[in-house]
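Scroll down for the structure; my scribbles are underneath it.
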Amino acid sequence: LAPAAHLPMLADLARGGADQGGSPHVAGLASVLLGCCLACDVESGHVDAHAVLDVITSRVGLNEYFGRWEEMRRTREFVAAAAAPTLAKPLTRVT
């Protein structure tokens with residue numbers, strides 16, 4: 001994610017979960033994106049992972065950061081999407 005000016009915006013989105021009147025999906029996905037920024041390679045010209053961690057701890061907090069991620073995973077829509085697909089009943093020939 002470049003430029004680094006987007007990190008505070010993502011942190012603010014991650015902070016606003018369902019308990020603050022926001023969407024748990026938006027807060028959870030912002031947390032996922034921040035996690036992707038943490039995992040990115042430093043040599044590739046992206047933001048340093050230490051800077052991302054500093055933004056997360058100062059603006060969101062680690063407990064709240066992981067809480068938003070888990071809050072999103074517990075929503076009805078996420079659970080339904082993660083469930084195994086159910087196949088329709090096979091067609092039978094009526095004679």
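Hydrophobic cluster membership differs between Val26 and Val79, with clusters built from Ile, Leu, Val, Met, Phe, Trp and Tyr side chains linked at under 4.5 angstrom.
Note that CZ of Phe78 and CD of Glu71 are 12.5 Å apart. Values are rounded to the nearest 0.5 Å. Between atom OG of residue Ser31 and atom CG of residue Leu10 there is a gap of 9.0 Å, rounded to the nearest 0.5 Å. Leu34 CG to Arg59 CZ: the interatomic distance, rounded to the nearest 0.5 Å, is 11.0 Å. Interatomic distance, Leu7 CG to Leu33 CG, rounded to the nearest 0.5 Å: 10.5 Å.
Between Pro24 and Arg68 there is no side-chain heavy-atom pair separated by less than 4.5 Å. Residues His25 and Thr75 form a side-chain contact, since some pair of their non-hydrogen atoms from C-beta on lies under 4.5 Å apart. A heavy-atom distance below 4.5 Å is not found between the side chains of Leu13 and Leu29.
Using bins of under 30°, 30° to 60° and over 60° for the plane-to-plane angle, the ring pair Trp69/Phe66 lands in the parallel bin.
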*Yes or no on side-chain contact (heavy atoms from CB on, under 4.5 Å) for Ile56 and Leu38, after CA distance, side-chain angles and deciding distance?*
CA-CA 10 Å; Ile56 291 172; Leu38 278 172; 3.8 Å; yes
*asked:* Set out, in order, the CA-CA distance, both residues' side-chain angles and the distance that settles side-chain contact (heavy atoms from CB on, under 4.5 Å) for Asp12 and Val60, then state yes or no.
replied: CA-CA 7 Å; Asp12 291 342; Val60 182; over 6 Å; no
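Between Ala14 and Ala30 the shortest heavy-atom distance is N-CB, 3.7 Å.
In this structure a side-chain-to-backbone donor-acceptor pair under 3.5 Å is missing from Tyr65 to Ala11.
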